[in-house]
Amino acid sequence: MDLAESKVGTRAIYQPGASSIEGSPTALQMFHAHPPVMVMPHWHAQVEVNYVMRGSVHYRMSDHEFRLNAGEMCLFWGGQPHQMDESSDDSLYAGAHLPLVYFFRLRLPISISSRLMKGETLLTSATDAADIDNFARWFRYANSGDAAKAQHAVDELLLRIERIAFEPYSMTTSKTTASLEGDQLHPNSSRSVARICDFIAANFLQDIDSVDIARAADLHPKYAMNLFKRSTGMTLSKYVTLLRLSRAQAMLMSEGANVLQVAMDSGFGSISAFNKSFRHIAGMSPSDFRRDIRLVTTMPAGAFRN
């Protein structure tokens, strides 16, 4: 991945692992805050929803980039390394991280969900004042400690995301989506994918394979593998690995984290498998990632001035 050098000034820096986004990849989480810039790309196994209410932000993805201004919203698959490298001083955004178990319960056109999972970004400016109030309320409800309010927030958020398809939106063009034309799935397929994601979410730290996953979803293993690949652009094993890597990314932020222990606690059977998988997505070894992110978080903010 070819990401340009970040443009980071004297401001808050996003620290992977400081929140539970990466460390709890199967949990739906909402946010409402000033977006801090990232000095390194990060990844997480959720679809991200960002709504900018004030100011502007800029994202660099694996093969495209985009800017969001006030009143604009985007959706993208967080499993691809991505980096918010610009955030205006007055920026304020809200949104959520949706695990796949939620995402595949959305009644979005398959043409949208497939393209998102294969690396494109959905952009829309069809928002209004109600969104400003609603996102703030959903965030409060989700963090209220009241289960009924939290579920209400989730239900309303999912309905709001579905409404995107009824209004003007655009999709970025990704190199990986060039072969998507005509690759359509039956709408009922999403329910099967959701069952697959349910089982993986509950068991990704265990020693599971495609047979275990398919059995839990009441599907034939070959059909389950083909269905998941066509729906997400990933194999079952790649998704399981991504969940484990997301958790490992957060664990490496912990003081005194041991790479071998992180590998074992993240569900990897060996340090060599962990190193190979981590290097594939991060472009560096777990040890180098741990070193670099600690250097970033211990240096004064002024060290990142352009």
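Atom set for the values below is all heavy atoms of this structure, side chains included, hydrogens, waters and symmetry mates excluded.
- Applying the salt bridge (charged side-chain N to carboxylate O under 4.0 Å, His left out) test to Arg140 and every residue at least two apart in sequence or in another chain returns nothing.
- Under the side chain to side chain contact (heavy atoms under 4.5 Å, CB included) criterion, Ala150 pairs with no residue, sequence neighbours left out.
- With rounding to the nearest 0.5 Å, the separation of CZ in Phe289 from NE2 in His42 is 10.0 Å.
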Walk me through whether Gln80 and Trp43 qualify under side chain to side chain contact (heavy atoms under 4.5 Å, CB included). CA-CA 6 Å; Gln80 58 184 319; Trp43 62 91; over 6 Å; no
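- Side-chain contact between Leu100 and Tyr239 is present, with heavy atoms from C-beta onward closer than 4.5 Å.
- A search for side chain to side chain contact (heavy atoms under 4.5 Å, CB included) contacts involving Ser170 returns Leu123, not counting sequence neighbours.
- No side-chain donor from either of Ser287 and Ser285 sits under 3.5 Å from a side-chain acceptor of the other.
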Assess whether side chain to side chain contact (heavy atoms under 4.5 Å, CB included) is satisfied between Arg247 and Leu243, documenting all intermediate values. CA-CA 6 Å; Arg247 178 179 171 85; Leu243 289 173; over 6 Å; no
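- Two residues are said to be in side-chain contact when any heavy atoms from C-beta on lie closer than 4.5 Å; Thr124 and Pro168 fail this criterion.
- Annotation: side chain to side chain donor-acceptor pair (under 3.5 Å) contacts involving residues 198-207, sequence neighbours excluded, comprise Arg105-Asp198.
- Legend: residues meeting side chain to side chain contact (heavy atoms under 4.5 Å, CB included) with Lys149, ordered by chain and number and at least two apart, are Tyr141, Ser144, Asp146.
- Judged purely by distance below 3.5 Å, without hydrogens or angles, the side chains of His58 and Glu65 pair a donor atom with an acceptor atom.
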Could you go through residues 154-165 and list every donor-acceptor pair under 3.5 Å that involves a side-chain atom there, pairing it with any protein atom two or more places apart or in another chain?
unit_1: Asp155; atom_1: OD1; unit_2: Gln151; atom_2: NE2; d: 2.9
unit_1: Glu156; atom_1: OE1; unit_2: Arg137; atom_2: NH1; d: 3.2
unit_1: Glu156; atom_1: OE1; unit_2: Arg137; atom_2: NH2; d: 3.1
unit_1: Glu156; atom_1: OE1; unit_2: Trp138; atom_2: NE1; d: 2.7
unit_1: Glu156; atom_1: OE2; unit_2: His152; atom_2: NE2; d: 2.7
unit_1: Arg160; atom_1: NE; unit_2: Asp131; atom_2: OD1; d: 2.7
unit_1: Arg160; atom_1: NH2; unit_2: Ala126; atom_2: O; d: 3.2
unit_1: Arg160; atom_1: NH2; unit_2: Asp131; atom_2: OD2; d: 3.1
unit_1: Glu162; atom_1: OE1; unit_2: Arg107; atom_2: NE; d: 3.2
unit_1: Glu162; atom_1: OE1; unit_2: Arg107; atom_2: NH2; d: 2.9
unit_1: Glu162; atom_1: OE2; unit_2: Arg107; atom_2: N; d: 2.8
unit_1: Glu162; atom_1: OE2; unit_2: Arg107; atom_2: NE; d: 3.2
unit_1: Arg163; atom_1: NH1; unit_2: Glu167; atom_2: OE2; d: 2.9

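- Counting only N and O atoms by type, the side chains of Glu72 and Ser125 include no donor and acceptor under 3.5 Å apart.
- With a 4.5 Å cut-off on side-chain heavy atoms, Cys74 and Leu122 do not count as touching.
- Nearest heavy atoms, Met171 versus Ile112: CE-O, 4.2 Å.
- Looking only at side-chain heavy atoms (C-beta outward), Arg67 and Ser56 come within less than 4.5 Å of each other.
- A 4.5 Å side-chain heavy-atom check between Asn50 and Phe76 finds at least one atom pair inside the cut-off.
- Aromatic pair His44/His82: centroids less than 6.0 angstrom apart.
- With contacts defined as side-chain heavy-atom distances shorter than 4.5 Å, the pair Leu116/Thr121 does not qualify.
- The distance from the CZ atom of Arg195 to the SG atom of Cys197 is 11.5 Å, given to the nearest 0.5 Å.
- Side-chain atoms of Phe228 and Ser210, non-hydrogen and from C-beta on, never get closer than 4.5 Å to each other.
- Separation of atoms OG (Ser277) and CG (Leu245) is listed at 5.5 Å; rounding is to 0.5 Å.
- Minimum heavy-atom separation, Gly55 to Val52: O-CG1, 3.6 Å.
- Residues Phe135 and Met73 are in side-chain contact: their nearest non-hydrogen atoms beyond the backbone lie under 4.5 Å apart.
- The two residues Asp128 and Tyr51 make their nearest non-hydrogen contact at O-OH, 3.7 Å.
- Closest approach of Ala142 and Ala153 over heavy atoms only: N-CB, 4.2 Å.
- The heavy-atom pair separating Val37 from Ser87 by the smallest distance is CG1-N, 3.6 Å.
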Do any side-chain atoms of residues 211-223 form donor-acceptor pairs under 3.5 angstrom with protein atoms, and if so which ones, sequence neighbours left out?
unit_1: Asp212; atom_1: OD2; unit_2: Asp209; atom_2: N; d: 3.1
unit_1: His220; atom_1: ND1; unit_2: Lys222; atom_2: N; d: 3.1

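- Checked by atom type and distance alone, the side chain of Ser231 pairs as donor or acceptor with a backbone atom of Leu227 at under 3.5 Å.
- Applying the ring pair (Phe, Tyr, Trp, His ring centres under 6.0 Å) test to Tyr93 and every residue at least two apart in sequence or in another chain returns Phe31.
- Residue pairs satisfying the salt bridge (charged side-chain N to carboxylate O under 4.0 Å, His left out) criterion with at least one member in residues 264-287, sequence neighbours excluded, are absent.
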Does the side chain to side chain contact (heavy atoms under 4.5 Å, CB included) test come out yes or no for Gln29 and Gln46, once each step is laid out? CA-CA 10 Å; Gln29 301 171 62; Gln46 303 112 338; 4.1 Å; yes
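- Applying the ring pair (Phe, Tyr, Trp, His ring centres under 6.0 Å) rule to Phe274 yields the partners Phe268, Phe278; only residues at least two apart in sequence or on another chain are considered.
- Checked against ring pair (Phe, Tyr, Trp, His ring centres under 6.0 Å), Phe66 has the following partners two or more places apart in sequence or in another chain: Tyr59.
- Residues passing the side chain to side chain contact (heavy atoms under 4.5 Å, CB included) test with Ala129, sequence neighbours excluded: none.
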Give the C-alpha distance, both sets of side-chain angles, the deciding distance and a yes or no for side chain to side chain contact (heavy atoms under 4.5 Å, CB included) between Arg54 and Ser91. CA-CA 5 Å; Arg54 192 175 67 220; Ser91 61; over 6 Å; no
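- Contact between Arg60 and Asp85 at its shortest, heavy atoms only, is NE-OD2, 2.8 Å.
- One distance of note links CD of Glu48 with CG of Leu98; it measures 9.5 Å at 0.5 Å rounding.
- Atom CG of Leu205 and atom CZ of Arg244 lie 7.0 Å apart (nearest 0.5 Å).
- Panel note: side chain Asn134, backbone Ala130; a donor-acceptor pair is recorded below 3.5 Å.
- In this structure, CZ in Phe139 is found 4.5 Å from CG in Asn143, a value given to the nearest 0.5 Å.
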